[in-house]
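Numbering of ligands and ligand atoms starts at 1, following listing order.
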Amino acid sequence: MHDDRSTVERRLHRVLRERIEPAVYSDSVPLDVARWDVQQDGLPGEPVPVAEGLAAAYTACAADVAWGPAWGTTWFRVSGEVPREWAGRTVEARLDLGFDRNLPGFQCEGLVYRADGSPVKGLNPRTDWVRVAERAEGGAHVELYIEAAANPVLIHHSPTAQGDRLTSDDRPLYRLARMELAVFEPEVWELVQDLDVLGSLMEQLPEDGARRWEILRAVERALDALDLTDVVGTAAHARAELTRVLAAPANASAHRISAIGHAHIDSAWLWPLRETVRKVARTCANVVDLMDDHPEFVFAMSQAQQLAWLKEHRPEVFARVAKKITDGSFVPVGGMWVESDTNMVGGEAMVRQFLYGKRFFLDEFGIETEEVWLPDSFGYTAALPQIVKLAGNKWFLTQKISWNQTNRFPHHTFWWEGIDGTRVFTHFPPVDTYNSDLGGHQMAHAARNYREKGKGTRSLAPFGWGDGGGGPTREMLARAARQSDLEGAPRVTVERPSAFFAAAQAEYPDAPVWVGELYLELHRGTYTSQAKTKQGNRRSESLLHEAELWSATAAVRVPGFVYPYQELEQIWKTVLLHQFHDILPGSSIAWVHREARATYARVHDELTALVDAAQQALADPGSTGTLVFDGTTGTATPAPAPALIPDPPVSLTVRADGGHVLDNGLLRVEIDARGLIVSAVSATDGRESIAPDGAANLLQLHADFPNTWDAWDIDEFYRHNSTDLVALDAMTAASRPDGAAVVEIARSFGSSQVRQQLTLRPDARMLEIDTEVDWHETEKLLKAAFPLDVKADRSAAETQFGHVFRATHTNTGWEAAKFEICAHRWIHVEEPGFGVAIANDSTYGHDVTRDVRPDGGQTTTVRLSLLRAPRYPDPSTDQGTHRLRHAFVPGATLADAVREGHALNLPTRRVPGDRPVAPLIAVDGDAVVVETVKLAEDRSGDVVVRLYESLGGRAATALRPGFATSTVTETDLLERPLPDAPPHRLDADGPLRLRLRPFQILTLRFARHSGN
Ligand SMILES: [Zn+2]
């Protein structure tokens, strides 16, 4: 037979697009349109309450009117009458705000209301219809209101001033495209879905297979049966020709896909937080509306924060969602407050993501979420499996690692093992997207791509337009239904994520194991972009530690002191929201980061006030003495008398080259005439830390213009160009009254200036480096280098409740791809017997490289990424002044690194008072760290303590509660008793003896004697 395949395929394509799809609506009449623009002082105004929008003074306008300066809101009122001759027909309103079909979620959107203010559904490029009547009444009056948001299109990766309403312009961005009532033809719509599914399946089938040709001939017969001048009248004939090929059952070995409705809504990104509140309302309104018509539809929603917004701002939509949650079709997943970044979020904050996220779902709906849902975050730390499990979760989902630039991940379903040995059953959807359309191409890709074939049979596919695209559509559900049991296609079942995970784990209990972090080989710039956002996060995490510690101590010790439960919970939720995976990583528009800076300043003030109140209550103000509060130990001790301090002072001498030597008997540091550290010798071992001919604290400037994702990416070639900043404007040295010696250095480069203070205090084993940069570069990366005379094959970087090792060499592609790595408060390199740590107060990006010198020794170079200057999406990212603090610790063990990391972030505070404070909780030894002391969330007054083994070995410790307590219970992260935990007994006045496995996190809950 002659091969006419492509002729039939092209015929299908043209007839479907040009004749059948347009016939879905057979008749239409225009609606009358009136508008009201929200304005404040002649500028586009912020959103107004619904009642205000409905009651506004509307003016009539054309159905194709231009509207919408960036970020403006326009309310449209559309009204009309159903023509008498449409009686009994299905009628819909078609409301096109001027959509670009190709960009659902990244442009204008609307929420439709009835005249009484009740929300109907969202308007998006792929859902621009509102059902008026299944069987219309002729002459019926229709009146709808649309709250239309003129969100500018910012997805095009070019610098723009439109990313903030303070800098955006006032030209209208959109023009209404269609406002009409129309007759909907269900049979034609079904024919479109039949042909769409068969056409896209056909393209995926082998050309030499019979199935492809059977479908091709059926499609041909269907097109033959269709009268193009009467599509409505002949659609049923065409469908009849397709019945047999649509009824052919799936192959016995067909891959199984659990399709789960979803809408990935970034909590802020190319729009501000306030717009996410509206995006959530629009999408949720769509979802519950679609559920009313499709009882088989299941939708999963993560991020408790988004449902909390819905409850607060759109209670009517929330009530409908809550009903669907009770029915089981709307499924909360993820158990986190937001889909946070995980690279940079601190240990306790990661706990609180789950604590407050899971508690919201429990309190509101009585639902214990069990699957962690992080499809889009930029890599996953090796500490997560333990945190995930201790929060009561069983399963983990992401697809982001499919974005790796270099290495293809070997598994789609596997056990993921963390630093402490905890394993979590994990799935990466092989569909490689969290916005599937369930089309034939994507379904075939998932089946082909799935790497567990022969062992496992199933994968998960989240489907729906995200980011305000409206979520799943009726067309997607039609695709799912047709592919439930279809020859040549995977079996698609719409079901709950837990159903997928339970079945996947049952069929594949011996899935392979992946140990360690899930490093994303992309977006490495997110450890550095938007330095002030990162600093705000770190400061807030540290202040929250202090506020809880001192408030708990005061609540236990000071009669009448009230623990600020409500304030702490509110602040935690604010901090957790800003850990969202486009805020903390620095990948949002200028507006988001401008607001974040203001929010962090407010949080700083609120937390400082809480710390002050608790410390003053403890210190007994009004007395004449001074107490030093230490947040790392939970103690307050009398400040040493001034006369005792400077003895012995740090010696400060001049080098032959004009540089300076600082020596406190413990550490001797030489700074040369260029202001660089050329020697650092710790007295305990007399060992030189700086590599021969090396110079530390060397600032290096790199060109930094990545190929695609400006704020997100550092591409490897940045290293090809580097300028050492060695020219000095000025250098001075001085001894301070407190006995410290300080060298001050000033440099300028490009349009920027940097001032550094290098401080050595008496009794300190580390050099403090305080850097102030007035940064006015573009597309540059500023690094600080420390070439060390250490043979380190790996670096240790702090992560949540522990640390992670990474190779310093580049033997394999996996190791080479980690050319930029994330560390929390410290990074450490060592050879047996000697190590060096560098602690930071807000730097997360690092790189560590190695080299062999001509003298045979080895140099390990640790570099810190201080600042970047990408121009998209925020064109002025990081411009201005920054203050960054570091501690350079020669001769440091891992325990020193842990201690200095905590100390740098928890500076002591001097408070008037005479009453010393003993710690509420004390532990023995270096290995076990008390990370958190607080009162229980249930407000019972119980003391909750979270500690962990910090060195990666087994540890025994004696814990001494500094208060009267009767029972102690080991709990999960939600402070619920762990059913299989060993009982802990407290002997009278004796310590609690604890044994921890490497990196184990232990949460203990102490009941307090009444009266305490
Ligand atoms: Zn995202």
### Query
List-wise, which protein N, O or S atoms are found short of 2.8 Å from the Zn ion (ligand 1)?
H264 NE2, D266 OD1, D376 OD2, H581 NE2
### Message
Before we go on, tell me: are the rings of F580 and W337 under 6.0 Å apart, centre to centre?
### Response
no
### Query
Under 6.0 Å between the ring centres of H427 and H411?
no
### Task
Go through the side-chain N and O atoms of Q386 and R423 and say whether any donor and acceptor fall under 3.5 Å apart.
no
### Message
Testing the 3.5 Å rule here: is there a donor-acceptor pair between the side chains of H157 and D710?
### Response
no
### Query
Can you tell me how far CZ of F428 sits from CD1 of I401, rounded to the nearest 0.5 angstrom?
5.0 Å
#### Entry: Salt-bridge criterion met for K818 and E521 (N-O under 4.0 Å)
no
